[in-house]
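Reviewing the structure listed below.
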Amino acid sequence: MAEKKTKKETASKKKETPKAAVSAKTEKAPAVKAPATEQKKARVGVFICHCGTNIAGSVDIPDVQEYAKSLPNVAFADNYQYMCSTPGQSKIIAAIKENDLTGIVVAACSPRLHEPTFRTATKEGGLNPFRFEMANIREQGSWVHMHDREGATDKAKDAIRIAVAKASLLQDLVPKTVPVEHAAMVVGAGIAGMQAALDLANAGIKTYLIEKNPTIGGRMSQLDKTFPTLDCSQCILTPKMVDVGRAENIDLMTCAEVENVEGYIGNFDVTIRRKARGVLTPAEAEAKGIVGGGCNGCGDCEAVCPVIKPNPFEMGMKPRKAIYIYHPQVVPLIYTIDWDSCIKCGLCVEVCGEKKAIDLEMKDELVKVKVGTAILATGYDLFPIEKKEEWGYKKYENVVTSLEFERLICASGPTGGHLVRPSDGVTPKKVAFLLCAGSRDNTGVGKPYCSRFCCMYSLKHAHQIIEKIPGVQPYIFYMDIRSFGKMYEEFYYRIQDEGAKFMRGRVANVLEDPDTKNLLINAEDTLLNRPIKLEVDMVVLAAAVEPAAETDRTRKLFGVSRSMDGWLLEAHPKLNPCGTTTAGVFLAGVCQGPKDIPDTVASAEGAASAASIPIHKGEVELEPYFAQCIEEKCAGCGMCVNLCPYQALSLVEKEGRTVMQVTEAKCKGCGTCGGFCPGGAIWMQHFATPQIIAQIDAFLIGGAK
Amino acid sequence: MADEWKPQIMGIICNWCSYAGADLAGSARTQYPPDIRIIRVMCTGRVDPLFILKAFTDGADGVLVSGCHFGDCHYLEGNYKGAKRMFMVKSLLKNIGLEDKRLRMTFVSASEGAKWAKVVEDVVKTVTDLGPNPLKELAP
């Protein structure tokens with residue numbers, strides 16, 4: 001008992017604190033109106049939205065409106081079919097003037113959707129836009145209690161009561177405007193990153209393009225042909241690669257990774273780690289005083305290098321040296337040393353001679369740049385399909401992935417474009433393509449989602465072998481053929497006409513004949529409802545895709561969330577697919593979710609356009625949810641200074657004592673300091689302690705209950 | 001009477017993950033019990049222990065604090081700091097003789113609508129089993 005009483009006293013005592021804080025605040029900055037004095041004359045208007053039947057179907061709107069009218073501080077209540085419509089907004093504007101309102105509550109959908117709309121209406125009515133508060137009675141009301149009209153109605157009443165309590169205490173706030181750096185950054189230089197960087201550069205924006213590999217081009221440069229037009233992938237990609245290499249506005253950094261990100265939209269301070277590639281570019285050589293030196297891509301070093309390693313670009317099926325380029329069309333054409341395999345024999349340095357391009361003692365370098373906005377285009381990796389043991393990848397030599405197949409069928413690949421079996425180098429006559437290999441997989445081993453481009457490239461693969469190998473028979477094992485794009489369905493018909501055999505059913509397992517190395521496929525034809533046993537020469541697994549290995553590290557640096565499946569989370573799946581919840585950071589290409597090349601390019605152009613808007617505007621408004629110090633209450637303990645993740649707080653000497661000071665441009669308004677301050681000396685604008693306490697009181701002890 | 005009693009649960013949830021997750025549950029029409037009321041803050045780091053104690057002295061039967069997963073915080077590490085405080089409040093509740101199960105902290109991301117519905121269901125069940133907040137009867 002005694003304990004409980006003590007607690008209650010403490011709580012009520014603490015309740016006084018915020019009020020005291022308010023008056024202190026008023027003395028300090030008279031521009032900010034004190035809620036405590038205004039509380040008595042607060043006049044709040046409540047507007048309840050039907051949202052058609054979305055809300056009205058589960059919430060008794062007239063009842064809620066009557067209830068709202070009975071609440072303290074409510075001067076006006078109304079309802080409308082669609083509050084977000086022009087007539088709906090006009091109601092707010094008119095009511096503010098007619099009823100001399102000081103705060104607005106709209107009970108409708110989520111503030112994440114329409115808060116900006118109604119803030120604008122509030123402003124048009126002559127009030128400060130931050131005197132608006134939203135009660136979410138749709139996403140967190142009618143939609144989740146569709147069959148509980150009483151429960152949903154009660155919840156809506158409570159939500160409005162809580163919102164009115166806050167609206168009665170809201171203050172006028174002014175957003176802070178900050179300048180935007182006239183530069184952008186794109187992370188990842190596959191087709192998405194390249195397109196985004198080119199668009200930004202062509203719009204006159206200095207663009208830093210960061211790529212972890214020694215060359216740009218990404219996954220698309222590994223492909224042979226592209227569906228459904230059968231354009232050669234390299235032929236359409238390399239002109240863009242050259243453009244990127246030449247663009248004046250693009251600062252291309254290969255062998256580079258983002259090391260650290262600080263700041264906010266308009267002013268990101270990014271630290272980039274330029275990994276030592278061991279070879280100087282002509283520009284770097286000139287900077288070091290080596291005239292006419294630097295790597296010219298002649299390849300003499302590669303010829304003398306004694307170390308042989310598998311080339312990852314060729315999926316390990318072609319050798320490379322310890323000093324290497326991925327393929328002849330790389331941009332930039334600069335050799336790179338693989339430090340893990342280099343034995344530092346120095347033969348390359350010798351043969352390079354006067355060019356002095358090779359530096360075996362090169363060290364990583366950290367570069368700092370300032371950018372206004374950033375685009376993530378970090379792409380994908382293949383799902384490690386050996387995890388699906390039943391198909392025998394990495395166990396049987398003649399089971400390959402689709403990406404390995406691309407290299408095997410590509411004229412610049414390890415076999416010069418002649419498709420052969422890895423086990424014996426013989427041209428296969430029967431090839432099986434297993435679709436949804438690890439995609440649409442609910443066993444917990446694979447991925448639950450559709451990887452979206454496997455159906456189409458497998459059709460293309462079937463076409464390619466029919467074209468190249470006389471008498472070959474492709475078998476396609478599929479769940480559904482998803483040929484949804486422009487001219488895709490037509491391409492599907494074409495492959496059917498060309499003689500590929502389609503079997504609807506997932507393959508149960510693949511077994512190897514140890515003598516011939518042929519593969520035995522056990523499957524079920526679900527259309528004919530009978531089991532299939534089929535012997536083929538080669539199996540191609542259309543493996544699922546997953547976010548590239550470094551995606552998680554990069555997204556955390558930029559503060560971007562991820563979806564449940566690991567792909568990066570867009571701000572809105574339909575209406576803001578390129579944006580993220582971190583202002584100034586955008587997504588392009590497959591890192592947001594599987595996309596084919598046309599969709600990837602479209603999303604990159606969208607991201608570039610979105611990223612260029614704040615830069616061209618030159619300034620952005622930051623939400624004014626800053627922390628403020630109530631100096632009279634601040635004991636100068638400095639606990640908050642250590643808590644702030646943005647170094648926005650510092651201790652200063654004022655009138656002979658130590659108090660905390662906020663650098664508003666650095667404060668992002670999380671409130672971590674305000675949640676801790678033992679003296680209640682931190683005023684979190686728009687989420688101030690008295691406002692939140694009022695919400696709690698309104699919920700539990702307030703209203704007409 | 002006992003059958004009709006419904007718990008009063010206060011949810012303080014962060015704008016970027018759990019609030020968005022709760023919105024997603026809504027657009028997916030995932031149904032869950034209506035016995036929770038939401039107060040939105042920008043980050044669970046904002047949650048002052050005072051808010052929790054105030055809610056319990058006001059008679060709340062349960063409090064749910066929900067934020068981003070560790071490592072996913074929109075403000076880098078606010079959720080770690082929020083979570084740390086919740087441990088403190090829990091031990092405080094225990095010390096004053098109130099079941100610490102009445103306070104729950106969870107981590108629901110913006111893409112976990114289904115998880116949000118489960119969390120609310122679970123919290124409502126836990127609090128219903130515990131019964132009314134004894135402080136409510138003591139309240140003047």
Side-chain angles (χ1 to χ4, degrees), chain A residues 1 3-8 10-12 14-15 110-113 136 138-141 143-148 151-152 154-155 158-159 162 556 559 561-565 569 581-582 625 643 645-646 668-677 680 684 687 689 692-693 695-697 699-701, chain B residues 8 10 12 15-17 19-20 22-27 29-51 53-60 68 71-78 81-82 85 95-98 109-112 117 134-135 138-139:
Chain A
M1 262 300 279
E3 281 171 341
K4 277 168 191 165
K5 219 175 191 178
T6 319
K7 188 192 141 193
K8 222 178 232 181
T10 327
S12 57
K14 281 215 171 179
K15 199 188 162 194
S110 170
R112 294 173 57 88
L113 274 180
N136 184 340
R138 193 181 76 173
E139 279 85 344
Q140 298 178 21
W143 278 354
V144 287
H145 317 302
M146 292 176 84
H147 313 295
D148 183 358
D154 278 351
K155 195 175 180 182
D158 287 0
I162 293 169
K556 281 180 185 172
S561 302
R562 63 182 198 137
S563 315
M564 267 153 74
D565 46 22
L569 189 68
T581 46
T582 302
Y625 302 160
L643 279 173
Y646 303 109
K668 293 198 186 184
C670 61
T672 305
C673 53
F676 184 83
C677 180
M684 286 308 306
F687 292 91
T689 302
I692 296 176
I693 294 287
Q695 285 178 293
I696 297 170
D697 283 347
F699 164 37
L700 294 155
I701 53 177
Chain B
Q8 280 192 303
M10 182 181 82
I12 305 190
N15 179 62
W16 302 100
C17 292
Y19 199 89
D23 278 355
L24 187 67
S27 38
R29 311 298 198 276
T30 313
Q31 305 294 300
Y32 56 83
D35 309 306
I36 188 165
R37 305 293 182 262
I38 300 301
I39 290 172
R40 180 172 67 122
V41 289
M42 294 313 273
C43 177
T44 45
R46 173 70 187 97
V47 182
D48 191 322
L50 158 74
F51 300 162
L53 299 178
K54 188 73 180 78
F56 282 121
T57 43
D58 279 358
C68 308
D72 258 4
C73 177
H74 189 75
Y75 304 102
L76 309 176
E77 48 202 33
K81 288 158 186 164
R85 278 173 220 155
N95 281 330
I96 62 167
L98 203 63
S109 80
S111 61
E112 293 176 326
L135 291 174
L138 294 170

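Chain letters run A, B, ... following the sequence lines, proteins first and then strands; every chain starts at 1. In what follows, every heavy atom counts, from backbone to side chain, and hydrogens, waters and symmetry copies are set aside.
Interface summary for chain B: among A/Lys556, A/Met564, A/Lys668, the most heavy-atom pairs under 4.5 angstrom belong to A/Met564. Most heavy-atom pairs under 4.5 Å with chain A: of the set B/Pro49, B/Gly82, B/Ala60, this distinction falls to B/Ala60. No other option in B/Lys81, B/Arg46, B/Met10 has as many heavy-atom pairs under 4.5 Å with chain A as B/Arg46. Considering only heavy-atom pairs separated by less than 4.5 Å from chain A, the leading option among B/Arg40, B/His74, B/Arg85 is B/Arg85. Ranked by non-hydrogen atom pairs under 4.5 Å with chain A, the options B/Gly78, B/Cys17, B/Ala25, B/Ala55 are led by B/Ala55. Of all the listed residues (A/Gln140, A/Gln695, A/Met684), the one sharing the greatest number of non-hydrogen pairs under 4.5 Å with chain B is A/Gln140. Your options are B/Val47, B/Asn15, B/Ile12, and the one with the most heavy-atom pairs under 4.5 Å with chain A is B/Asn15. Contact tally against chain B (heavy-atom pairs below 4.5 Å) for A/Gly559, A/Ser110, A/Ala159: the top residue is A/Ser110.
For the pair B/Pro34/A/Asp154, no side-chain contact is recorded, criterion being any heavy-atom separation below 4.5 Å from C-beta on. Inter-residue side-chain proximity for B/Cys43 and B/Trp16 is flagged as unmet; no heavy-atom pair is nearer than 4.5 Å. Looking only at side-chain heavy atoms (C-beta outward), B/Gln8 and A/Phe699 come within less than 4.5 Å of each other. Side-chain contact check for A/Phe676 versus B/Asp48: every heavy-atom pair is 4.5 Å or farther apart.
The SG atom of A/Cys670 sits 10.0 Å away from the CE atom of B/Met42 when rounded to the nearest 0.5 Å. To the nearest 0.5 angstrom, B/Phe51 atom CZ is 6.0 Å from A/Ile696 atom CD1.
Classification of B/Lys54 and A/Asp697 as a salt-bridged pair holds, one side-chain N sitting under 4.0 Å from a carboxylate O.
Looking at B/Ala117, there are no atoms closer than 4.5 Å to chain A (heavy atoms on both sides), in backbone or side chain. For chain A, the nearby parts of B/Ile36 are the backbone and the side chain; heavy atoms of each come within less than 4.5 Å. For A/Leu113, no part sits under 4.5 Å from any heavy atom of chain B, backbone or side chain. At a 4.5 Å heavy-atom cutoff, the contact between B/Ser27 and chain A is made by backbone and side-chain atoms alike.
A/Ser563 contributes no side-chain N or O that, together with a main-chain N or O of A/Asp565, makes up a donor-acceptor pair within less than 3.5 Å.
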